[in-house]
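Remarks on the structure that follows.
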Protein chains: 2
Amino acid sequence: MTEIDEAGHPDTASTRDRIMEAAIDLFTEQGFDKTSLREVAERVGVTKAALYYHFRSKEELLASLIERVHGIGNHGLDLLQALHGQDGPLDREAVLAALVVLLDQVLSHRRTFALMERNRTAIEALGDHDPEHQKEHQHLEEQWVEFVGNEHIPFPDRVRISAALGAVMAGAIGTTRGMGRETPTGLRDELVAVVRDILHLSEPE
Amino acid sequence: MTEIDEAGHPDTASTRDRIMEAAIDLFTEQGFDKTSLREVAERVGVTKAALYYHFRSKEELLASLIERVHGIGNHGLDLLQALHGQDGPLDREAVLAALVVLLDQVLSHRRTFALMERNRTAIEALGDHDPEHQKEHQHLEEQWVEFVGNEHIPFPDRVRISAALGAVMAGAIGTTRGMGRETPTGLRDELVAVVRDILHLSEPE
DNA sequence: GTCTATAACCAGATAGAC
DNA sequence: GTCTATCTGGTTATAGAC
């Protein structure tokens, strides 16, 4: 049972992991820009210089934190993109499936998604010196904007899919703040039901 | 017809308004922390020092931007708080009403809410030297956390209200990016219907 | 009201000893 | 791997002329 989002016991964890652990907390609470590397180092119990042995820059530290989800976490939106190719009425079941994939990602990487939600501008700015991130993020963003503005898709559908996306994120992250690492029982099912309601899909028998 | 969210024609607007106009765009696009006052001044066509004639600090500039919604924009959540006082099953109609109030606020102050959404940590940090903001924000935050974790309220209700809140925000802000100032026809009604669906409230006859 | 000039500071980042 | 010491640069903010 490998922990993906965090290291094991703080005592036995490597310095690199402990740095990432301190960073994700501070970045999420105070924001990336308002957190200095000195603060991170202090919490870990090392000096700033030590951080630079493990990470080339502050931005690389941030990148390492979201990397754990990157590529995987986008699969949900990738699917949406596929749907968007077909002009006309949406395949609601496919949209539901895509959102459930995303939901599961969010639930199993809650801390990372919370970090992302509260540091969007910082994460977008990562691309400035990291061309890979640049491409991937920009591409996704363009697809989404294009979808939202696509006149060929009925407006209510676009609104409802945006709303469903927001519902999933807020429902998964908002209701688990300050809770432990385990997903509350029933949360996933309830949110799937919510998405069903939004998309006007009735329960499977 | 007084514009609340923005000044009139850029040519006739006062310098103060033009500064706020430039700031809200830059802060939203790049983030508050990644935007220097030099950039803002440059876009307006004045020098940094001029900004300090109109605003005491960078933080005060940010505060002035969200002030236009402050107090008003929270009424939706204030109502939620009222509901939370009563332990037990929710008054769904009241929740709907509260969310509609919030929705209307978001729709008529879209740019401001977009700014807030993308600069939450910066806005929270405003309280560090502004005790009024501190109190108001912290109070609201506590109420919300308390509500979300309130064991006396059925878990599904809490999940659905969080989801509805996210749906409103994402639906109102996400679907209007890059659009003009006017709210797209039908957006409000559709989102109200979405909230109804989430809360399992049928249409009024 | 807006400018030029400058103060004061603190961040991110590097060099090199251990 | 981690430290001490330092560099470099940009940022907020102020003083005072116009």
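Only heavy atoms go into these numbers, but all of them, side chains included; no hydrogens, no water, no symmetry mates. Quick note on labels: first sequence line is chain A, next is B, and so on, each numbered from 1.
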Salt bridge flag under 4.0 Å for residues Glu39(A) and Arg43(A): no
Side-chain N,O (Thr15(B)) to OP1/OP2 (dT2(C)) below 4.0 Å: yes
Distance, rounded to the nearest Å, where Glu42(B) contributes CD and dG10(D) contributes P: 13 Å
Rounded interatomic separation in angstrom, taking NZ from Lys34(B) and C1' from dG10(D): 14 Å
List the atom pairs, with distances to 0.1 Å, where a side-chain N or O of residues 97-104 of chain A and a protein N or O form a donor-acceptor pair under 3.5 Å, not counting sequence neighbours.
residue   : atom : partner   : partner atom : Å
Asp104(A) : OD1  : Arg188(A) : NE           : 2.6
Asp104(A) : OD2  : Arg188(A) : NH2          : 3.1

Interatomic distance where CD1 belongs to Ile19(B) and C1' belongs to dG1(C) [whole Å]: 10 Å
Verdict with reasoning, Ser108(B) to Phe113(B), per side chain to side chain contact (heavy atoms under 4.5 Å, CB included): CA-CA 9 Å; Ser108(B) 55; Phe113(B) 274 92; over 6 Å; no
Under-4.0 Å side-chain N/O to phosphate OP1/OP2 contact, Thr47(B) with dT2(C): no
Length of the line joining Phe55(B):CZ and dT2(C):P, which is rounded to integer Å: 11 Å
Other residues, nucleotides, ligands: >12 heavy atoms within 6.0 Å of Glu132(A) CD: no
Whole-Å distance separating the OH atom of Tyr53(A) from the P atom of dA17(C): 18 Å
Qualifying residues under side chain to side chain donor-acceptor pair (under 3.5 Å), relative to Glu124(B), sequence neighbours excluded: Arg118(A)
Whole-Å distance separating the CZ atom of Arg16(B) from the P atom of dT2(C): 12 Å
Integer-rounded Å distance: dT11(D) C1' and Phe27(B) CZ: 13 Å
Integer-rounded Å distance: dG10(D) C1' and Glu39(B) CD: 12 Å
Cation-pi geometry met for Lys58(A) and Tyr52(A) (6.0 Å, 45°): no
All N/O pairs under 3.5 Å across the protein-nucleotides 12-15 of chain C interface:
residue : atom : partner  : partner atom : Å
dG12(C) : OP1  : Lys58(A) : NZ           : 2.8
dG12(C) : OP2  : Leu37(A) : N            : 3.0
dG12(C) : N7   : Lys48(A) : NZ           : 3.2
dA13(C) : OP2  : Tyr52(A) : OH           : 2.8
dA13(C) : OP2  : Lys58(A) : N            : 2.9
dA13(C) : O5'  : Tyr52(A) : OH           : 3.3
dA13(C) : N6   : Lys48(A) : NZ           : 3.1

